[in-house]
A.B. asks: 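My questions all concern the structure below.
Numbers restart at 1 for each chain; the letters A, B, ... are given by sequence-line order, proteins then strands.
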Amino acid sequence: MRNDLEKHDVRVIALSKDTVQDAAFHRQRDGIGLPLLCDPDLEVIRQYGLEHHKALEVSTGRFTIAGIPLALVPSIKTMAIPTSVLIDEQGVIRWIDQTDDYRLRSSNERVMAAVKSAFDSC
Amino acid sequence: MLDAPIVLASAGALAVLGSWVAYLATIPSGNVPAKPVGSVIAQLIGVGLAAAAIALRVQGGQPIGAAVVVPASFATMMATFFVFLLTQRKTPIGAIRIKVGDPLPPFAAQTADGAPFHTDSLNGRRILLKFFRGHW
């Protein structure tokens with residue numbers, strides 16, 4: 001997936017309500033290579049209209065067993081609705097994909113189809 | 001000799017745990033089933049086995065005992081939690097304020113390194129911006 005995106009010169013950036021400390025921990029624990037942006041006050045998430053009020057979060061905190069995070073602590077929080085936004089060199093939005101079931105995300109096929117349709121004719 | 005209620009309750013706990021593990025294993029690859037029918041059936045079977053174990057004990061007029069109560073409770077609680085999580089899956093889409101063809105609304109944020117970030121730095125680049133729920 002990453003290679004396919006690189007072929008089309010598309011960089012991935014991810015934003016969530018995590019604090020800098022949470023994001024740094026997450027990045028290290030899960031070996032995430034892509035840049036993570038932090039929006040703990042939900043300013044960007046609100047600006048874009050992507051708020052999920054009173055969403056159920058099941059978090060590990062910092063708890064792991066043998067390196068495997070075990071979800072333990074349910075809580076109710078406001079967070080982003082999982083959403084993918086494809087932007088071109090001019091800063092124009094070319095594709096938006098939003099899920100109505102947070103368990104399901106944009107599949108690789110859907111993302112690559114959008115990337116190809118946006119950039120292959122260029 | 002194997003005690004039937006203990007075997008049943010343990011099998012129930014294993015069915016529920018196995019179903020949880022199999023479901024969670026689909027997450028990293030992005031292959032989460034849209035309708036996890038198999039998982040729900042496995043969880044129900046687990047609860048059914050747990051209930052059968054307790055019923056056998058009650059029928060036999062014996063104390064239920066920790067060896068049955070612990071796995072039966074585990075199966076019931078974990079299955080209930082699984083179904084509860086499923087009921088919470090819907091997201092309130094519809095309030096979105098961006099649309100295809102519009103310029104990306106500029107914003108500032110901090111990176112995971114604590115460095116300042118502004119969308120100006122994306123100028124001239126193709127970007128896939130992912131909004132996600134946050135760490136686990």
A.B. asks: Please output the residues of residues 106-114 of chain B in contact with chain A, using a heavy-atom cutoff of under 4.5 Å, in numerical order.
C.D. replies: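 So far as heavy atoms go, Pro106(B), Phe107(B), Ala108(B), Ala109(B), Gln110(B), Thr111(B), Ala112(B), Asp113(B), Gly114(B) are the residues that approach chain A to under 4.5 Å.
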
A.B. asks: Please give me the minimum heavy-atom distance between Ala34(B) and Asp101(A), naming the atom from each residue.
C.D. replies: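 So the two residues come closest at O-OD2, 4.4 Å.
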
A.B. asks: Working to the nearest 0.5 Å, report the span between CG of Leu128(B) and CG of Leu34(A).
C.D. replies: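 That separation rounds to 9.5 Å.
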
A.B. asks: By a 4.5 Å heavy-atom criterion (distance strictly below it), what part of Leu86(B) contacts chain A: side chain, backbone, both, or neither?
C.D. replies: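 The side chain, not the backbone.
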
A.B. asks: Among the clusters formed by ILVMFWY side chains lying less than 4.5 Å apart, do Val47(B) and Met78(B) turn up in the same one?
C.D. replies: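 In one cluster: no.
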
A.B. asks: Counting a contact as any heavy-atom pair under 4.5 Å apart, which residues of residues 115-122 of chain B contact chain A?
C.D. replies: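 So the qualifying residues are Phe117(B), Leu122(B).
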
A.B. asks: Pick whichever of Val92(A), Asp18(A), Asp9(A) has the most heavy-atom pairs under 4.5 Å with chain B.
C.D. replies: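 So the answer, after comparing Val92(A), Asp18(A), Asp9(A), is Asp18(A).
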
A.B. asks: Rounded to the nearest 0.5 Å, what separation is found between the CD1 atom of Ile93(A) and the CG atom of Leu129(B)?
C.D. replies: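 It comes to 9.0 Å.
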
A.B. asks: Give me the ring orientation class for His26(A) and His135(B): parallel if the planes are under 30° apart, tilted from 30 to 60°, perpendicular past 60°.
C.D. replies: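 Judged by the thresholds at 30° and 60°, the geometry between His26(A) and His135(B) is tilted.
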
A.B. asks: Crowded around Arg125(B) CZ? As in, over 12 foreign heavy atoms under 6.0 Å?
C.D. replies: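 Check fails, neighbour count at 12 or below.
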
A.B. asks: Most heavy-atom pairs under 4.5 angstrom with chain B, which of Val20(A), Ile32(A), Ile96(A), Ile13(A)?
C.D. replies: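 When all of Val20(A), Ile32(A), Ile96(A), Ile13(A) are compared, Ile13(A) has the most.
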
A.B. asks: Out of curiosity, Phe132(B) CZ to Leu36(A) CG, how far, rounded to the nearest 0.5 Å?
C.D. replies: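 Reported value, rounded in 0.5 Å steps: 5.0 Å.
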
A.B. asks: Between Ser16(A) and Arg133(B), is any pair of side-chain heavy atoms under 4.5 Å apart?
C.D. replies: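 A side-chain contact under 4.5 Å is absent here.
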
A.B. asks: Roughly how far, to the nearest 0.5 Å, is CZ of Arg103(A) from CD1 of Ile27(B)?
C.D. replies: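 That separation rounds to 9.0 Å.
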
A.B. asks: Which answer fits Ala114(A), side chain, backbone, both or neither, if we ask what part of it has an atom under 4.5 Å from a heavy atom of chain B?
C.D. replies: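 Looking at Ala114(A), nothing touches chain B.
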
A.B. asks: Write down the atom of Gly134(B), the atom of Lys17(A), and the distance for their closest heavy-atom approach.
C.D. replies: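 So the minimum-distance heavy-atom pair works out to CA-NZ, 4.0 Å.
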
A.B. asks: At a 4.5 Å cut-off on heavy atoms, which part of Val115(A) comes close to chain B: side chain, backbone, both, or neither?
C.D. replies: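 Contact with chain B: none, neither part.
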
A.B. asks: Would you say Leu56(B) ends up clustered with Leu49(B) if hydrophobic residues are merged whenever their side chains have heavy atoms under 4.5 Å apart, either directly or through other cluster members?
C.D. replies: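 In one cluster: yes.
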
A.B. asks: CD of Gln90(A) to CG of Asn123(B): how many Å apart, nearest 0.5 Å?
C.D. replies: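 Separation between the atoms: 10.0 Å.
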
A.B. asks: Using the rule that Ile, Leu, Val, Met, Phe, Trp and Tyr join whenever any side-chain heavy atoms are under 4.5 Å apart, tell me whether Val83(B) and Tyr23(B) fall into a single cluster.
C.D. replies: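 The answer is no; the residues belong to distinct hydrophobic clusters.
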
A.B. asks: Which one, Asp100(A), Asn108(A), Asp97(A), Leu56(A), leads in non-hydrogen pairs under 4.5 Å with chain B?
C.D. replies: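 Counting heavy-atom pairs under 4.5 Å, the top option is Asp100(A).
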
A.B. asks: Do Phe84(B) and Phe82(B) belong together in a cluster built from hydrophobic side chains that touch within less than 4.5 Å?
C.D. replies: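 Yes; tracing contacts between hydrophobic side chains, which count when under 4.5 Å, links both residues.
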
A.B. asks: Do Ile81(A) and Phe131(B) have side chains that get closer than 4.5 Å, going by heavy atoms?
C.D. replies: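 Counting from C-beta outward, Ile81(A) and Phe131(B) never come under 4.5 Å.
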
A.B. asks: Test your reading of the model: is there a side-chain donor-acceptor pair from Thr91(B) to the backbone of Thr99(A), 3.5 Å cut-off?
C.D. replies: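 Flag set: sc Thr91(B) to bb Thr99(A) pair under 3.5 Å.
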
A.B. asks: Using a cut-off of under 4.5 Å for heavy-atom pairs, which of Ala55(A), Pro35(A), Ala23(A), Gly91(A) has the most such pairs with chain B?
C.D. replies: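 Going by pairs under 4.5 Å, I would pick Gly91(A).
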
A.B. asks: Per the side chain to side chain donor-acceptor pair (under 3.5 Å) rule, what does the pair list look like for residues 31-50 of chain B, sequence neighbours excluded?
C.D. replies: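 Matches after skipping sequence neighbours: Ser19(B)-Gln43(B), Ser29(B)-Asn31(B).
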
A.B. asks: Could you measure the distance from the OG1 atom of Thr83(A) to the CD1 atom of Ile96(B)? Nearest 0.5 Å is fine.
C.D. replies: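 Here the interatomic distance stands at 5.5 Å.
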
A.B. asks: Taking side chain as everything from C-beta outward and backbone as N, CA, C, O, which of these in Pro82(A) sits under 4.5 Å from a heavy atom of chain B? Side chain, backbone, both or neither.
C.D. replies: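 Both parts, backbone and side chain.
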
A.B. asks: Given 3.5 Å as the limit, does a donor-acceptor pair link the side chain of Arg126(B) with the main chain of Leu5(A), or not?
C.D. replies: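 Pair absent, no side-chain N/O of Arg126(B) close to backbone of Leu5(A).
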
A.B. asks: Please answer: with hydrophobic residues joined when any side-chain heavy atoms are less than 4.5 Å apart, are Val12(A) and Val85(A) in the same cluster?
C.D. replies: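 Each belongs to a different hydrophobic cluster.
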
A.B. asks: Looking only at heavy atoms, which of residues 40-50 of chain A get nearer than 4.5 Å to chain B?
C.D. replies: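 Checking residues 40-50 of chain A against chain B gives Val44(A), Ile45(A), Arg46(A), Gln47(A), Tyr48(A), Gly49(A), Leu50(A).
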
A.B. asks: Give me the atom names and distance for the closest heavy-atom approach of Pro92(B) to Glu51(A).
C.D. replies: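 Scanning both residues, the minimum pair turns out to be CG-O, 4.0 Å.
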
A.B. asks: Heavy-atom pairs under 4.5 Å with chain B: which of Arg27(A), Glu57(A), Gln98(A), Arg11(A) has the most?
C.D. replies: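 The option with the most such pairs is Arg11(A).
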
A.B. asks: So what's closer than 4.5 Å to chain B heavy atoms on Leu104(A): side chain, backbone, both or neither?
C.D. replies: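 For Leu104(A), side-chain heavy atoms alone lie under 4.5 Å from chain B.
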
